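None of the values given here were measured: they were computed from a predicted structure.
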Amino acid sequence: MLDDIAFQMGFDPMEFREINTLKRGSRTSTDHLLLHSVGAPETLSRVKKASNWQRLVAETEQFNKNNEDFKRGVGVSHIFYGVSLGAGGQALDKSGAHVLINKDGSVEVRIGGTEMGQGAKTVIAIMAAEELGQRIERILVHQPDTAFVPDSGPTVASRTTIYSGNAVRSACIALRKSGPDVP
């Protein structure tokens, strides 16, 4: 989207990012004042220099003019990480897990993080299986249900793996210490 905006306004995508990137003293879209160092301007400058950006763009444009069947592209992207809960450790930044070992040895796991295609249910099952010494096919990770566990906040980046995964590990360790081995 930024590239499209840059092109429509007549800017090189790198130049557009350099002009508009967050800097110390900038405010985010949620009005968070950035008081400390922001690495984006320096990072963009280093990428521009290391890639020899202007030459790379010119070579790519020339290649595309000379080739009908094959095309090349040049891209740049950067993010501002830690916009939300993880950045300040707010009270909502938590996770819980409910782990149930059934009589037949199967294990049911409930977390407050949402599976949306990133593989959260698989990684949570792997973590539970490793902590309990159980085969992964014997682990069932349910869809989130706040009747069992607290809301674990947003499903962003690796947050579900880190927060919910560690909650599952802690619950499994406690179960392993308190009872017989899982069949």
*Sequence neighbours excluded, which residues qualify as side-chain contact (heavy atoms from CB on, under 4.5 Å) partners of Pro150?*
none
*Without swapping roles, check the side chain of Gln134 against the backbone of Gly105 for a donor-acceptor pair under 3.5 Å.*
yes
*Who are the salt bridge (Lys or Arg N to Asp or Glu O under 4.0 Å) partners of Arg72, not counting sequence neighbours?*
none
*Run through the side-chain heavy atoms of Ile, Leu, Val, Met, Phe, Trp and Tyr, join any pair under 4.5 Å, and report what else lands in Leu33's cluster.*
Leu35
*asked:* Taking side-chain hydrogen bond (donor to acceptor under 3.5 Å, both in side chains) as the cut-off, I'd like each qualifying pair that reaches into residues 3-15, sequence neighbours left out, listed once.
replied: Asp3-Arg17, Asp12-Trp53
*Taking ILVMFWY side chains as joined if any heavy atoms are under 4.5 angstrom apart, and letting links pass through other members, which residues group with Ile126?*
Ile136
*Who passes ring pair (Phe, Tyr, Trp, His ring centres under 6.0 Å) against Phe63, sequence neighbours left out?*
none
*Which residue pairs satisfy the side-chain hydrogen bond (donor to acceptor under 3.5 Å, both in side chains) criterion with at least one member in residues 115-131, sequence neighbours excluded?*
Lys121-Gln143, Glu131-Arg169, Glu131-Arg176
*Check for a donor-acceptor pair, side chain of Arg138 on one end and backbone N or O of Asp104 on the other, with a separation under 3.5 Å.*
yes
_Summary of ring pair (Phe, Tyr, Trp, His ring centres under 6.0 Å) pairs that have at least one residue in residues 96-147, sequence neighbours excluded_ = His98-Phe148
*According to the salt bridge (Lys or Arg N to Asp or Glu O under 4.0 Å) rule, which pairs have a member within residues 33-44, sequence neighbours left out?*
Glu42-Arg46
*asked:* Using the side-chain contact (heavy atoms from CB on, under 4.5 Å) criterion, which residues pair with Arg24? Sequence neighbours excluded.
replied: none
*Shared ILVMFWY cluster between Val74 and Leu44, side chains joined below 4.5 angstrom?*
yes
*Which residue pairs satisfy the salt bridge (Lys or Arg N to Asp or Glu O under 4.0 Å) criterion with at least one member in residues 57-71, sequence neighbours excluded?*
Arg55-Glu59
*Taking the side chain as every heavy atom from C-beta outward, state whether Leu100 and Val107 have any atom pair closer than 4.5 Å.*
no
*asked:* Once side-chain contact (heavy atoms from CB on, under 4.5 Å) is applied, do any residues pair with Thr146, and if so which ones, sequence neighbours excluded?
replied: Asp151
